[in-house]
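Accompanying notes for the structure given below.
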Protein chains: 2
Amino acid sequence: MQTLTRNQQIVFDIINKSSEPLKAYTILSNVQKKGIKAPPQVYRALDKLIEMGKIHKIESKNAFVACQNSSCNVSKATAFSICESCEEVTEISNSKISKYLSNFAEKAGMEYKRYNLEFFGLCKKCK
Amino acid sequence: MQTLTRNQQIVFDIINKSSEPLKAYTILSNVQKKGIKAPPQVYRALDKLIEMGKIHKIESKNAFVACQNSSCNVSKATAFSICESCEEVTEISNSKISKYLSNFAEKAGMEYKRYNLEFFGLCKKCK
DNA sequence: TACATAATGTTATTTTATAACAATAAACTT
DNA sequence: AAGTTTATTGTTATAAAATAACATTATGTA
């Protein structure tokens, strides 16, 4: 279990507390009081946290969420559902999907390292 | 079958001819000789082409590819394999994955409209 | 023709991300 | 502990990706 550095911890905390995905510059403006002043400091922390699997990037939104899946130390299989109405993003941790897709990748002759899946639609509340 | 406007056609042609995903500003610099001068002109064409399902956006790369799947008029289910070594991007059109995932979304209580899946790894040539 | 709608042209700006380099801090070696 | 390497941080400047806003032109249609 890796321990976080100061900046990594600050950035992780704010993402982890948030109920929604946060953008890099939103994070920045929220941590300036804690001494993080410039974008590279945020982006570097984000990069490391992603490597560790503590957070994920929602590519379609350029935003970051804490990993909901406690067992996911290194994120090699991520899936999210994204509500187009309320913008809610939920991490889907489904081992069936995971198996199905990694199986598929192997059959396709691909040495697969990771995948990212983003579902768009309407969540239960909004539909 | 929708016909393309002038700018849409120009932008589509260059993406379609390319063997690799193109970024918006690469497209721009390649079509300036044809009279398209500013980013909004490119982005507007891209947006429409995506709506029509003629091209797809590779979210992890901010790049655009022509749809390989002739039957895909509106792109509601996209999947790509991306080689981390040679950067090759291939569209996967697999109805099994599509069925599996749309099925899953329904079970999860989601009214799903589209999804995007991006696989990362090593292609046959590179592994 | 007259009206509405869609597409285009243009300038400026916003948002997202990284390059480059100097300064500290932490970890490792003898 | 002193010296060396490696990782992390701080900082300034800039690059890259995307959009806002508004004027203009083209296209479809009543």
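Labels below follow one simple rule: chain letters A, B, ... track the order of the sequence lines, proteins then strands, and each chain is numbered from 1. In this text the structure is predicted, and so the values were computed from the model without any measurement.
- Taking atom CD1 of residue A:I58 and atom C1' of nucleotide C:dT16, one finds them 16 Å apart after rounding to whole Å.
- At a threshold of 4.0 angstrom between heavy atoms, the contacts of A:K61 with the nucleic acid are absent.
- The phosphate of C:dA6 has neither OP1 nor OP2 within less than 4.0 Å of any side-chain N or O from B:T5.
- Side-chain atoms of A:N16 do not come within 3.5 Å of backbone N or O of A:F12 as any donor-acceptor pair.
- Atom NZ in B:K57 sits about 11 Å away from atom C1' in C:dT16, given to the nearest Å.
- For the pair B:Q68 (side chain) and B:E91 (backbone), a donor-acceptor distance under 3.5 Å is absent.
- Between the CD atom of B:Q32 and the C1' atom of C:dT10 there is a distance of 13 Å, rounded to whole Å.
- Side-chain proximity of A:P40 to D:dT9, C:dA19, C:dT8: nearest is C:dA19.
- Ring-plane geometry between B:Y100 and A:Y100 is classed as parallel, the angle between the planes falling under 30 degrees on a 0 to 90 degree scale with a further cut at 60.
- Considering every non-hydrogen atom in both A:L122 and A:C83, the closest pair reads CA-SG, 4.0 Å.
- Distances shown here put every side-chain N or O of A:K23 at or beyond 4.0 Å from the OP1 or OP2 atom of C:dT15.
- When rounded to the nearest whole Å, the span between CG of B:L4 and C1' of D:dT27 equals 16 Å.
- No single ILVMFWY cluster, assembled from side-chain heavy atoms under 4.5 Å apart, contains both B:I58 and B:L22.
- Positionally, the nearest nucleotide of DNA chain D for A:R44 lies more toward the 5' end than for the other of A:R44 and A:Y25.
- Closest contact between the side chain of B:Y43 and the listed nucleotides D:dT11, D:dT19, C:dT18 involves D:dT19.
- In this structure, B:N7 atom CG and C:dA6 atom P are separated by 17 Å, rounded to whole Å.
- For the pair A:L46 CG and D:dT9 C1', the interatomic distance rounds to 15 Å; values are reported in whole Å.
- B:F12 places its CZ atom 17 Å from the P atom of C:dA7, with the value rounded to the nearest Å.
- The nearest whole Å value for the distance from the NZ atom in A:K34 to the P atom in D:dG10 is 14 Å.
- With DNA chain C read from its 5' end, the first of the two nearest nucleotides for B:A38 and B:K48 is the one closest to B:K48.
- Mapping B:I36 and B:N62 onto DNA chain C by nearest heavy atom places B:I36 closer to the 5' end of the strand.
- Contact annotation: A:Q41 side-chain N/O to D:dG10 OP1/OP2 distance is under 4.0 Å.
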